[in-house]
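Notes for the one structure printed next.
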Amino acid sequence: MRAPAMVWTMFLVGSAACAGPGRKDEGPRHDSDSAVVPAAAGESPGAPQGPLLVGTTWRLTQLEGKPAPLGQDGKAATLELTLNGKRVVGFAGCNRMAGTYQLNGDSLRLGPLALTRMACVKGMDLERGYVAALEHTRAYRLTPQGLELLGEAGSLAQLEAQ
(Lines give C-alpha, C1' and ligand atoms only; values in the text may rest on other atoms or scores of the structure.)
Protein backbone atom coordinates (compact mmCIF):
# COMPACT_ATOMS: atom_id res chain seq x y z
CA MET A 1 0.00 0.00 0.00
CA ARG A 2 1.39 3.43 -0.97
CA ALA A 3 1.46 6.30 1.51
CA PRO A 4 -0.21 9.51 0.38
CA ALA A 5 2.15 12.26 -0.83
CA MET A 6 1.27 14.43 2.18
CA VAL A 7 2.61 11.80 4.58
CA TRP A 8 5.89 11.59 2.67
CA THR A 9 6.18 15.39 2.61
CA MET A 10 5.66 15.59 6.38
CA PHE A 11 8.19 12.76 6.89
CA LEU A 12 10.80 14.49 4.73
CA VAL A 13 10.30 17.89 6.39
CA GLY A 14 10.46 16.31 9.84
CA SER A 15 13.58 14.36 8.91
CA ALA A 16 15.32 17.47 7.62
CA ALA A 17 14.46 19.39 10.81
CA CYS A 18 15.88 16.59 12.97
CA ALA A 19 19.03 16.27 10.86
CA GLY A 20 20.52 19.48 12.25
CA PRO A 21 22.62 22.13 10.52
CA GLY A 22 24.89 19.78 8.62
CA ARG A 23 28.16 17.95 9.08
CA LYS A 24 30.23 18.80 12.12
CA ASP A 25 33.24 19.72 9.99
CA GLU A 26 31.29 22.51 8.27
CA GLY A 27 32.01 25.94 9.66
CA PRO A 28 29.49 28.75 9.72
CA ARG A 29 28.26 29.78 6.31
CA HIS A 30 28.41 33.42 5.32
CA ASP A 31 26.38 34.99 2.55
CA SER A 32 27.49 38.35 1.19
CA ASP A 33 23.84 39.19 0.52
CA SER A 34 22.85 38.54 4.12
CA ALA A 35 20.14 40.82 5.39
CA VAL A 36 21.64 40.69 8.89
CA VAL A 37 22.85 44.03 10.16
CA PRO A 38 25.95 43.69 12.36
CA ALA A 39 25.78 45.28 15.80
CA ALA A 40 27.37 48.70 16.04
CA ALA A 41 30.56 49.09 18.06
CA GLY A 42 29.79 48.94 21.76
CA GLU A 43 26.33 47.51 21.16
CA SER A 44 25.45 44.10 22.48
CA PRO A 45 24.87 41.53 19.70
CA GLY A 46 21.40 40.77 21.11
CA ALA A 47 20.30 44.42 21.12
CA PRO A 48 17.28 45.34 18.99
CA GLN A 49 18.31 46.59 15.59
CA GLY A 50 16.67 48.75 12.97
CA PRO A 51 15.41 47.79 9.54
CA LEU A 52 17.48 45.45 7.42
CA LEU A 53 19.08 46.68 4.21
CA VAL A 54 17.71 43.80 2.12
CA GLY A 55 13.98 43.10 2.19
CA THR A 56 12.93 46.55 3.47
CA THR A 57 11.09 49.10 1.33
CA TRP A 58 12.93 52.39 1.68
CA ARG A 59 11.36 55.84 1.05
CA LEU A 60 13.52 58.68 -0.26
CA THR A 61 13.75 61.59 2.21
CA GLN A 62 16.81 63.53 0.97
CA LEU A 63 18.46 63.81 -2.40
CA GLU A 64 21.82 65.58 -2.77
CA GLY A 65 21.48 67.09 0.72
CA LYS A 66 18.01 68.59 0.14
CA PRO A 67 14.59 67.33 1.19
CA ALA A 68 13.28 65.04 -1.54
CA PRO A 69 10.15 66.24 -3.33
CA LEU A 70 7.23 63.91 -3.91
CA GLY A 71 6.68 62.43 -7.33
CA GLN A 72 3.59 61.86 -9.49
CA ASP A 73 0.32 61.59 -7.52
CA GLY A 74 2.12 62.75 -4.35
CA LYS A 75 4.05 59.48 -4.01
CA ALA A 76 7.55 59.29 -2.56
CA ALA A 77 10.36 57.64 -4.50
CA THR A 78 11.16 54.17 -3.12
CA LEU A 79 13.82 51.48 -3.25
CA GLU A 80 13.81 47.81 -2.27
CA LEU A 81 16.62 45.28 -2.54
CA THR A 82 14.83 41.95 -2.75
CA LEU A 83 15.82 38.96 -0.67
CA ASN A 84 15.92 36.64 -3.65
CA GLY A 85 17.52 37.17 -7.00
CA LYS A 86 19.64 40.26 -6.27
CA ARG A 87 16.89 42.43 -7.75
CA VAL A 88 16.24 46.06 -6.97
CA VAL A 89 12.76 47.51 -7.51
CA GLY A 90 11.08 50.79 -6.71
CA PHE A 91 9.30 53.95 -7.79
CA ALA A 92 11.53 56.69 -9.22
CA GLY A 93 9.12 59.64 -9.11
CA CYS A 94 7.16 58.99 -12.29
CA ASN A 95 8.02 55.48 -13.42
CA ARG A 96 8.55 52.09 -11.80
CA MET A 97 12.11 50.82 -11.93
CA ALA A 98 13.78 47.43 -11.71
CA GLY A 99 17.31 46.17 -12.03
CA THR A 100 20.04 44.31 -10.22
CA TYR A 101 22.34 45.01 -7.31
CA GLN A 102 25.71 43.82 -6.06
CA LEU A 103 26.32 43.81 -2.31
CA ASN A 104 29.66 43.01 -0.71
CA GLY A 105 30.19 44.21 2.86
CA ASP A 106 29.33 47.91 2.85
CA SER A 107 29.93 48.15 -0.92
CA LEU A 108 26.71 48.52 -2.94
CA ARG A 109 26.23 48.90 -6.67
CA LEU A 110 22.81 49.37 -8.23
CA GLY A 111 22.02 48.78 -11.87
CA PRO A 112 21.68 48.67 -14.65
CA LEU A 113 18.18 50.02 -13.97
CA ALA A 114 15.25 49.78 -16.37
CA LEU A 115 12.29 52.14 -16.07
CA THR A 116 8.84 52.18 -17.55
CA ARG A 117 8.62 55.07 -20.01
CA MET A 118 5.61 57.14 -18.99
CA ALA A 119 5.74 60.91 -19.14
CA CYS A 120 4.43 62.63 -16.02
CA VAL A 121 3.45 66.20 -15.27
CA LYS A 122 5.13 65.95 -11.86
CA GLY A 123 8.10 63.83 -10.84
CA MET A 124 10.36 63.85 -13.91
CA ASP A 125 13.05 66.07 -12.30
CA LEU A 126 12.95 63.93 -9.15
CA GLU A 127 13.28 60.80 -11.27
CA ARG A 128 16.32 62.06 -13.19
CA GLY A 129 18.15 63.03 -10.00
CA TYR A 130 17.16 59.90 -8.08
CA VAL A 131 18.14 57.47 -10.84
CA ALA A 132 21.49 59.28 -11.26
CA ALA A 133 22.11 58.97 -7.49
CA LEU A 134 21.25 55.26 -7.56
CA GLU A 135 23.55 54.62 -10.52
CA HIS A 136 26.42 56.47 -8.78
CA THR A 137 25.98 54.61 -5.47
CA ARG A 138 29.15 52.79 -4.40
CA ALA A 139 28.46 52.12 -0.70
CA TYR A 140 25.78 52.38 1.94
CA ARG A 141 25.48 53.12 5.63
CA LEU A 142 22.63 52.19 7.97
CA THR A 143 22.04 55.02 10.44
CA PRO A 144 19.51 55.63 13.23
CA GLN A 145 17.60 57.71 10.66
CA GLY A 146 17.61 55.00 7.99
CA LEU A 147 19.69 54.25 4.91
CA GLU A 148 22.32 56.52 3.40
CA LEU A 149 23.56 55.88 -0.14
CA LEU A 150 27.14 56.99 -0.71
CA GLY A 151 29.03 57.87 -3.87
CA GLU A 152 32.69 58.61 -4.41
CA ALA A 153 32.21 62.21 -3.22
CA GLY A 154 29.97 61.45 -0.22
CA SER A 155 26.26 61.24 0.51
CA LEU A 156 23.94 60.95 -2.48
CA ALA A 157 20.61 60.15 -0.87
CA GLN A 158 18.97 59.33 2.43
CA LEU A 159 16.01 57.01 2.82
CA GLU A 160 13.89 55.80 5.70
CA ALA A 161 12.09 52.52 6.20
CA GLN A 162 8.56 52.73 4.85
Side-chain angles (χ1 to χ4, degrees), residues 9 13 16-17 21 28-162:
T9 302
V13 169
R29 294 190 321 176
H30 300 284
D31 180 2
S32 65
D33 292 334
S34 173
V36 175
V37 179
E43 192 177 272
S44 113
Q49 298 180 4
L52 303 177
L53 173 64
V54 177
T56 299
T57 299
W58 298 96
R59 181 177 65 85
L60 181 67
T61 57
Q62 288 188 25
L63 185 61
E64 297 174 357
K66 299 176 187 163
L70 296 176
Q72 183 67 23
D73 298 329
K75 294 190 324 189
T78 62
L79 177 73
E80 181 183 349
L81 290 95
T82 64
L83 288 168
N84 54 4
K86 297 183 183 182
R87 303 279 304 153
V88 59
V89 296
F91 174 70
C94 173
N95 292 285
R96 301 280 314 149
M97 63 180 174
T100 59
Y101 71 88
Q102 296 175 354
L103 178 62
N104 187 9
D106 65 352
S107 172
L108 175 64
R109 298 227 178 200
L110 304 166
L113 300 173
L115 284 82
T116 55
R117 293 293 176 195
M118 297 188 310
C120 299
V121 173
K122 184 177 178 183
M124 295 302 293
D125 289 337
L126 166 62
E127 185 167 292
R128 277 188 283 280
Y130 185 45
V131 170
L134 295 176
E135 290 176 342
H136 288 96
T137 295
R138 297 297 175 258
Y140 75 95
R141 177 174 35 225
L142 289 172
T143 69
Q145 294 75 35
L147 170 64
E148 185 174 16
L149 300 179
L150 305 166
E152 292 178 12
S155 182
L156 298 170
Q158 293 185 10
L159 302 96
E160 65 183 23
Q162 187 165 306

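Predicted model only: the values in this text are computed from it and were never measured. FYI, side chains are in, hydrogens and waters are out, and symmetry mates aren't considered; it's all heavy atoms of this structure.
Residues satisfying the side chain to side chain donor-acceptor pair (under 3.5 Å) criterion with Thr57, sequence neighbours excluded, are Glu80.
Considering OG1 of Thr100 and CZ of Arg87, their distance stands at 7.0 Å, rounded to 0.5 Å. In this structure, CG on Leu81 lies 9.5 Å from OH on Tyr140, to the nearest 0.5 angstrom.
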Check: residues 145-162 side-chain donor-acceptor pairs under 3.5 Å, at least two apart:
from   : atom 1 : to     : atom 2 : distance (Å)
Gln145 : OE1    : Thr143 : OG1    : 3.4
Glu148 : OE1    : Arg141 : NE     : 3.0
Glu148 : OE1    : Arg141 : NH2    : 2.9
Glu148 : OE2    : Ser155 : OG     : 2.9
Glu160 : OE2    : Arg59  : NH2    : 2.0

Taking only distance into account, with no hydrogens and no angle test, what donor-acceptor pairs under 3.5 Å do side-chain atoms of residues 126-136 form with protein atoms, sequence neighbours excluded?
from   : atom 1 : to     : atom 2 : distance (Å)
Glu127 : OE1    : Cys94  : N      : 3.0
Glu127 : OE1    : Asn95  : N      : 2.7
Glu127 : OE1    : Asn95  : ND2    : 3.4
Glu127 : OE2    : Asn95  : ND2    : 3.0
Arg128 : NH2    : Asp125 : OD1    : 2.6
Tyr130 : OH     : Thr78  : O      : 3.1
His136 : ND1    : Ala132 : O      : 2.6

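Within the structure, disulfide bond (SG atoms under 2.5 Å apart) contacts touching residues 130-162 (residues at least two apart or in different chains) do not occur. Sorted by first and then second residue, the salt bridge (Lys or Arg N to Asp or Glu O under 4.0 Å) pairs involving residues 92-101 (not counting sequence neighbours) form an empty list. The salt bridge (Lys or Arg N to Asp or Glu O under 4.0 Å) analysis of residues 103-116, with sequence neighbours excluded, yields no pairs. Within the structure, no pair that satisfies the disulfide bond (SG atoms under 2.5 Å apart) test touches residues 132-162, not counting sequence neighbours.
Here the shortest heavy-atom pairing between Gln72 and Cys120 reads OE1-CB, 3.3 Å. The two residues Leu110 and Leu108 make their nearest non-hydrogen contact at CD2-CD1, 4.0 Å.
No donor-acceptor pair closer than 3.5 Å links the side chain of Gln62 to the backbone N or O of Pro67. For the pair Trp58 (side chain) and Leu53 (backbone), a donor-acceptor distance under 3.5 Å is present.
For the pair Leu79 and Val88, the minimum side-chain heavy-atom distance is below 4.5 Å.
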